[in-house]
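Since the structure comes first, as structure tokens, the remarks are kept for the end.
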Amino acid sequence: MPDLPCDGDGVCMVCSAAAPPEVDLLRCTTCATPWHSPCLSKPPALADAAQWSCPDCSGGPTHAPAPLAPGGSSDLVAAIRAIETDAALSDQEKARRRQELLGGAAPATEDEEDEGDDLLEILGKNFSCVFCMKLPDRPVTTPCGHNFCLKCFEKWIHNRKRTCAKCRAEIPKKMAEQPRINSALVGAIRMAKISKNANSAVSATAYHYLRNDDRPDKAFTTERAKRAGKANASSGQIFVTIPPDHFGPIPAKNDPKRNTGVLVGEKWEDRLECRQWGAHFPHVAGIAGQSKYGAQSVALSGGYVDDEDHGEWFLYTGSGGRDLSGNKRTNKDQSSDQKFEKLNAALRISCLKGYPVRVVRSHKEKRSSYAPEDGVRYDGVYRIEKCWRKIGVQGKFKVCRYLFVRCDNEPAPWTSDVCGDRPRPLPKIKELNDAIDLTERKGSPSWDFDEKEGWKWMKPPPISNKPILSGDPETDAQIRRVTKRAQLSVAERLLKEFGCSICRNVMKEPLTTPCAHNFCKTCLLGAYESQSSMRERSRGGRTLRAQKIVKKCPSCPTDICDFLQNPQINREMMDLIESLQKKAAEEGDIQTCSDGSNGAQESGDDGDNADLEKEEDDSSPNEEDNNDAGCLHADDDGPVVKIVVESKEEDLQLKKKGDDKEEKDEKKTMVSTDVVDIAVEEVKQGSGKAGNKEVKQRKKRKGNAADAEAEAAMDTAVGEDARPAVKRSRKSGGEGLCTL
DNA sequence: GGGCCCGCAGGG
DNA sequence: CCCTGCGGGCCC
């Protein structure tokens, strides 16, 4: 028998004793509900009765966690589970990754802990449920702008109270009957808690839960290719425990499978297998790197005729400047200048910093005597001593050029030496005479030679910005999502929770509608500005009864007309937002210097860079979209004002994640049929276009080739799409084929 | 050996 | 999201 309280009439819902004697009644200190103590499965000791919280409020078994908002901790749990089940990881490594996942960055620093505390404090100061005095669990917000736990609120309502416990304002029937959880608050509170509990409670629970989950071991055989062969395969398990932005050799400690590390001369069948051992991660691309951070590795596979291989040193060509239309991945012919951007910029950073760059050679490089006969081979680390541009051998366009010189403690696979490299004089490069944009390292290199210890990091290697890959695409995608969130400061993430879905900025004077959507006061009111709540109708000479106008919430079909009569600012939320903004502003400095963009700040090398940037001919793409992305607006239907009196049953309870898309589509169709109604006012001009885009995207998802083509035709005809036709052709070609 | 094709991974 | 990319299978 579950524990049940006394009902509204004071009748025990367990034993049905009407009006039990007062001594047998226990009042919950949290929700004030009376309980018949003899019927409790675990009645409190007499001494504790004064402090007693009922099973509903104290988190007993009936108090199962509510389904979380989309993108919530279920992602997190899945990601943690993946770590736990990864047999390739030592317990220590697992712990480290869990921590990374939960805390945001590798070893949790004091700062982070402080941040968590601060935020919880801020939250606690601004929010507390009047009933339980705690941070609201499943928070609901009254139209008068006060926040409570759902449970506490329901208890209150259940006791036939129809006024706000805080301000005594009347609570509308709808809110009383169907309170909505304010998911913006849920997110904010949860994040603050996670950031606080990263090292203790949360991870401990997760750890236990996952330890017991003995899913079959994926071992090291995972090959996720869906079709035979590797032409279009997924890469499979990653065996080494380095993040994809790890520089330098792969040491034994990151090779839990063999405990040898990746040794010079190791060979693999192909690029996918090479990737699994971390020597060079990209599946197709020749350069692994990030434009503001550096390049970790390159592949020599004969993709660029300008390459020139001399074993201990070689000349490498940058990427780009080629026409990849027609759904190609590569193309021998240059058709435009390469620039020091993207991966080419990454290589240049490695040059400036003197980072070690891993090099793999592929059998596909036919013109080099150092290339392996078959497969892909790891040849150790090199440094990029100089880079520049020149007109490529094809004669028309500029290419980026890089001088790589070997600097590895292990001998190269082709030498009979037993020792690795020693610093050697730079080779004389003829083409340097007509080099453009020459860039050389000015400061001392990060990776350098020490007479006693050989090649080593003289300056600490750059701190990784990425989680370690598992090779399982789903897991990695989840981890990426989680860490991406984690990369924002906690305060920023909290602020993100408080975005107004009309103006997309952090809310000013937030209003919480009875349907639990949040907007800036001015945005929401502005959206209905020209509408009065009643509409005088006259037909012929006589005046008809005034008809009530329905005003739809901008985020859902709920009529919020009554709420709009006298909307109350959610003061608590407003105060919180202000504290957070202050905190985020303080954090600002720290954020910017930890994001890895300290790339090319070596003394004095900036002059060069600036020059380069200026000189680059600007064939800037005519982007029709700004980065505030159509997708943000796409689900923005704007408030729809209509005059129909209809009772639409809303079932917008907390939806499970994954239902999101359907919900959106549902909403869309609903609106489009409703638009027949008399007055339709859209908040945003141009939302029609956004909608159009959304439709296009959906079609694309469905792979509707005919529609896509019609669309493309329309684009051309209307001239709306300013992209060059070649760029589209790769995409449309792909679509056409994949549907058949 | 060359051309075509396209799933996938990563950068921004 | 959209774009890029020194692959790999397959057909000619």
Side-chain angles (χ1 to χ4, degrees), chain A residues 224-236 238 243-245 268-275 280-293 295-307 309 314 316-332 338 341-346 359-368 371 375-376 399 465-466 469 471-474 476-477 480 484 595-597 621 623-632 634 693-694 696-697 700-701 721 723-724 726-728 730-731 733-740:
Chain A
R224 295 183 56 92
K226 286 175 183 139
R227 302 186 187 168
K230 289 177 173 175
N232 298 309
S234 174
S235 75
I238 306 293
D245 56 356
W268 305 282
E269 277 258 315
D270 49 42
R271 286 282 292 272
L272 279 101
E273 208 180 302
C274 168
R275 167 186 164 81
H280 184 70
F281 280 104
H283 185 113
V284 176
I287 303 164
Q290 303 75 34
S291 60
K292 295 192 167 168
Y293 182 70
Q296 293 82 29
S297 57
V298 295
L300 284 98
S301 339
Y304 284 75
V305 277
D306 289 84
D307 289 0
D309 193 358
F314 61 88
Y316 196 73
T317 312
S319 65
R322 294 172 161 189
D323 177 13
L324 299 180
S325 63
N327 208 11
K328 287 191 271 290
R329 299 295 173 267
T330 58
N331 181 344
K332 294 262 170 211
Q338 290 185 352
E341 57 184 27
K342 300 178 181 172
L343 293 166
N344 299 344
V359 171
V360 298
R361 282 184 173 82
S362 155
H363 71 101
K364 290 182 145 192
E365 172 56 273
K366 298 295 180 199
R367 303 174 314 121
S368 160
V376 180
V399 292
N465 288 320
K466 291 169 181 297
L469 292 175
D472 172 14
E474 270 184 54
D476 289 337
R480 255 196 295 279
K484 195 168 180 183
D595 71 359
S597 63
E623 274 290 319
E624 75 272 46
D625 290 329
N626 292 323
N627 51 356
D628 70 331
C631 60
L632 278 183
K693 181 161 187 166
E694 157 78 8
K696 250 185 260 180
Q697 280 169 354
K700 205 161 100 191
R701 275 201 295 277
D721 193 335
R723 278 171 298 168
V726 276
K727 294 227 169 170
R728 241 190 347 252
R730 171 166 166 184
K731 204 194 291 171
E735 273 170 18
L737 280 150
C738 70
T739 30
L740 297 178

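Per chain, numbering begins at 1; letters A, B, ... match sequence-line order. The figures that follow rest on heavy atoms only: side chains count, while hydrogens, waters and symmetry mates do not.
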[X] side-chain proximity, nearest of [options]:
X        : options               : answer
A:Arg275 : C:dC6, C:dG8, B:dG10  : B:dG10
A:Tyr304 : C:dG8, C:dC6, B:dG12  : C:dC6
A:Ser234 : B:dA9, C:dG8, C:dG7   : B:dA9
A:Gln290 : B:dG12, C:dG8, C:dT4  : B:dG12
A:Ser319 : B:dA9, C:dC6, C:dT4   : C:dC6
A:Lys342 : C:dG7, C:dG5, C:dT4   : C:dT4
A:Ser291 : B:dG10, C:dG7, B:dG12 : B:dG12

With respect to the phosphate group of B:dC4, does any side-chain polar atom (N or O) of A:Lys328 fall under 4.0 Å of OP1 or OP2?
-> no
Kindly say if A:Asn232 contacts the phosphate of B:dC8, meaning a side-chain N or O under 4.0 Å from OP1 or OP2.
-> no
Using whole Å, what does the distance between atom [atom2] of nucleotide [N] and atom [atom1] of [X] come to?
X        : N      : atom1 : atom2 : answer
A:Phe281 : B:dC8  : CZ    : P     : 19 Å
A:Ile238 : B:dC8  : CD1   : P     : 15 Å
A:Lys332 : B:dC4  : NZ    : C1'   : 15 Å
A:Lys366 : C:dG7  : NZ    : C1'   : 14 Å
A:His283 : B:dG11 : NE2   : P     : 15 Å
A:Lys364 : B:dG2  : NZ    : C1'   : 12 Å

Between the main-chain N or O of A:Asn331 and the side-chain N or O of A:Arg322, is there a donor-acceptor pair closer than 3.5 Å?
->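 Yes, the answer is positive, given that a donor and an acceptor are paired below the 3.5 Å cut-off.
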Side-chain donor/acceptor of A:Ser362 to backbone N/O of A:Lys364, under 3.5 Å = yes
Would you check if A:Trp268 and A:His280 make a side-chain contact, meaning some heavy-atom pair closer than 4.5 Å?
-> no
If you measure from CG on A:Asp270 to NE2 on A:His283, what distance do you get to the nearest 0.5 Å?
-> 8.0 Å
Assess whether one donor atom and one acceptor atom, taken from the side chain of A:Asp307 and the base of C:dC6, lie less than 3.5 Å apart.
-> yes
Does a donor on one side chain sit under 3.5 Å from an acceptor on the other, for A:Thr317 and A:Asp306?
-> no
Between A:Val284 and A:Leu343, name the one whose nearest nucleotide on DNA chain B is closer to the 5' end.
->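 This one resolves to A:Val284.
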Under a 3.5 Å cut-off for both distances, is B:dG12 Watson-Crick or wobble paired, and to whom?
->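 Base-paired to C:dC1.
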